[in-house]
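Some notes on the structure that comes next.
In what follows, every heavy atom counts, from backbone to side chain, and hydrogens, waters and symmetry copies are set aside. Note on naming: letters A, B, ... go to the chains in the order of the sequence lines (proteins, then strands), and numbering restarts at 1 for each one.
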Amino acid sequence: MEIITAVKGFKDILPGEAGKWQYVEDQARKIFSAFGCLEIRVPILEKTDLFARGIGEATDIVEKEMYTFRDRGDDLITLRPEATASIIRAYLEHHLYAADPVAKLYTIGPMFRRERPQKGRYRQFHQLDVEILGYEDARIDAEVILMLIHFLKSVGLKSPQLELNSLGCPSCRPSFRESILQFLQGKEGDLCEDCQRRISTNPLRVFDCKMEGCKQIIAQAPVIQDFLCGGCRDHFAGVLASLAVFDIPYTINPRMVRGLDYYTRTTFEITTDFLGAQNAIVGGGRYDGLIRDLGGPDIPGIGFAIGFERLLAMMPADQCDDFIKPPGLFIAALGTEAQKFAYQLCNRFRMQGIPTEMDYTAKGLKSQMKRADRLKCRKVLIIGDREIETQQADLRDMQTKEQIKVRLDNSDELIKLMM
RNA sequence: GUGGGUGUAGCUCAGUUGGUUAGAGUGCCGGGUUGUGGCCCCGGAGGUCGAGGGUUCAAAUCCCUUCACUCACCCCA
């Protein structure tokens, strides 16, 4: 019979790699909470409407990537393609803003987008997501970036490259959009098919195009910085000034736009050279209109999402060796009586918090030693029927090969010895 | 959705102009060492050659179809 395999683009995280995941999550929790962020856990399933309104109807994510279906009650629901919309939904639904308009939140979990899988891109992938709601101050933008880069470095990332831009706000972006449309007028024929389509759907996205022809045209195009209103210009200057306080290097990329419609003002990306085409490991920015657009009060927000798989792929191999605990003790038991004794002792050790392993397949000592070695146990307690009689067993140190006699008749003493 | 690449042992891969019983390394199990791991030596198990069809005396090899994986485009974390 044929075995059933996982769904395309959905990956197993095997025991060998789960330690890395735990390590990164652990670091994130420590650092994010030091910066005052609290964890929030939101459902992975939401009403489709939430994403359509939040991310934007005309975005690729909403148009062709979401897992959307009707459930048995005929409700139209979607597996979340990102976390921000859900977090804001929860913030509004539970009136968190009433007690305190400022909320600093993070969440960790799976997201779903039905794209063609490739390196660094899966249909179920994971994000570390931070959202700071209630502050408009430019210092917060820089603080969020500081926290992010501090975290990335703490997990061993060598040189995260920060790219920044400002997308303006509803009062200045339209004039920029107009001038782009004017600029592109008459040049449609020289653009790629996708960009020709973008002119009517989302002209700003032409900036993102990687086709040589489009890039050349765009190089001549007006840049948003020249169109920012006074408020947006001051805000962006404030972000840069605050980044300077922490000596955070950045490059301003006036062509960087985002694939989600809700971004305003500051946007940023962290990129790397080591991931092939999927070089963005973090994307984020400010979304001052989103909470209002989702039916809430006019509260500003900023956040980012880290691609977990992409981050792991870039981490040094030995980064979390210390975090993954070595197994500790192996009990090699030979003979029926010894097995009985070891069975009890092994589980007693475990209940004391001493990670202990033994073998139940009645093999010889040699193969048990082999297994202890493979599990990287530091010590092996060797018990045969002979040792049961004398109540004295050998405790072997696997590194130094030193072997000492230990008494078996006092389990409290034994436990102390192991700890 | 569109292109390219790859499918042979658990894993990484050889396999000649089609030719007889499909190999190596590694891992696993056992032995050398009657109760002591890693190194070394020896042995063993493990394969519908991705699947289906075709050509041929003969197909892992050639042709067609299909599936899976993978990289890239698109888009994004």
Tell me whether the centres of the aromatic rings in A:F151 and A:F32 are closer together than 6.0 Å.
-> yes
Quick one: is [X] getting a side-chain N or O under 4.0 Å of the [N] phosphate, OP1 or OP2?
X: A:R116; N: B:C71; value: no
X: A:K64; N: B:U2; value: no
X: A:Q127; N: B:A77; value: no
X: A:Q118; N: B:C73; value: yes

Which nucleotide, [options], lies nearest any side-chain atom of [X]?
X: A:K8; options: B:C69, B:C74, B:G37; result: B:C69
X: A:K370; options: B:C73, B:G35, B:G38; result: B:G38
X: A:E115; options: B:A72, B:A77, B:G37; result: B:A77
X: A:Y263; options: B:G35, B:G37, B:A77; result: B:A77
X: A:R310; options: B:U36, B:A77, B:A72; result: B:A77
X: A:K11; options: B:U70, B:G35, B:U36; result: B:U70
X: A:M398; options: B:C29, B:G37, B:G35; result: B:G37

Is the base of [N] touched by the side chain of [X] through a donor-acceptor pair closer than 3.5 angstrom?
X: A:E387; N: B:G35; result: yes
X: A:R371; N: B:G37; result: no
X: A:R374; N: B:G38; result: no

When you check the gap from the basic side-chain N to the acidic O, do [X] and [Y] get nearer than 4.0 Å?
X: A:K30; Y: A:D26; value: yes
X: A:E143; Y: A:R139; value: no
X: A:E357; Y: A:R350; value: yes

Roughly how many Å is it from [atom1] in [X] to [atom2] in [N], rounded to a whole number?
X: A:L365; N: B:U34; atom1: CG; atom2: P; value: 10 Å
X: A:Q368; N: B:G30; atom1: CD; atom2: P; value: 11 Å
X: A:F10; N: B:U70; atom1: CZ; atom2: P; value: 13 Å
X: A:I3; N: B:A68; atom1: CD1; atom2: C1'; value: 12 Å

Would you sketch RNA chain B in dot-bracket for me? Only Watson-Crick or G-U wobble pairs with both distances under 3.5 Å count, crossing pairs as [ ], other-strand pairs as |, the rest as dots.
-> (((((((..((((.....[...)))).(((((.......))))).....(((((..]....))))))))))))....
Rounded distance (nearest 0.5 Å) linking atom NZ of A:K11 with atom CD of A:E17 = 10.5 Å
When all nucleic acid strands are considered with a 4.0 Å heavy-atom cut-off, which category describes A:E82: base, sugar-phosphate, or nothing?
-> nothing
Answer with yes or no whether the side chains of A:E39 and A:T107 bring together a donor and an acceptor at under 3.5 Å.
-> no
Do the rings of A:F308 and A:W21 sit parallel, tilted or perpendicular, given the 30° and 60° boundaries?
-> parallel
Can A:F308 be said to stack with the base of B:A77, given centres closer than 5.5 angstrom and planes under 30 degrees apart?
-> no
Kindly check if the number of other-residue, nucleotide or ligand heavy atoms within 6.0 Å of CD (A:E389) is above 12?
-> no
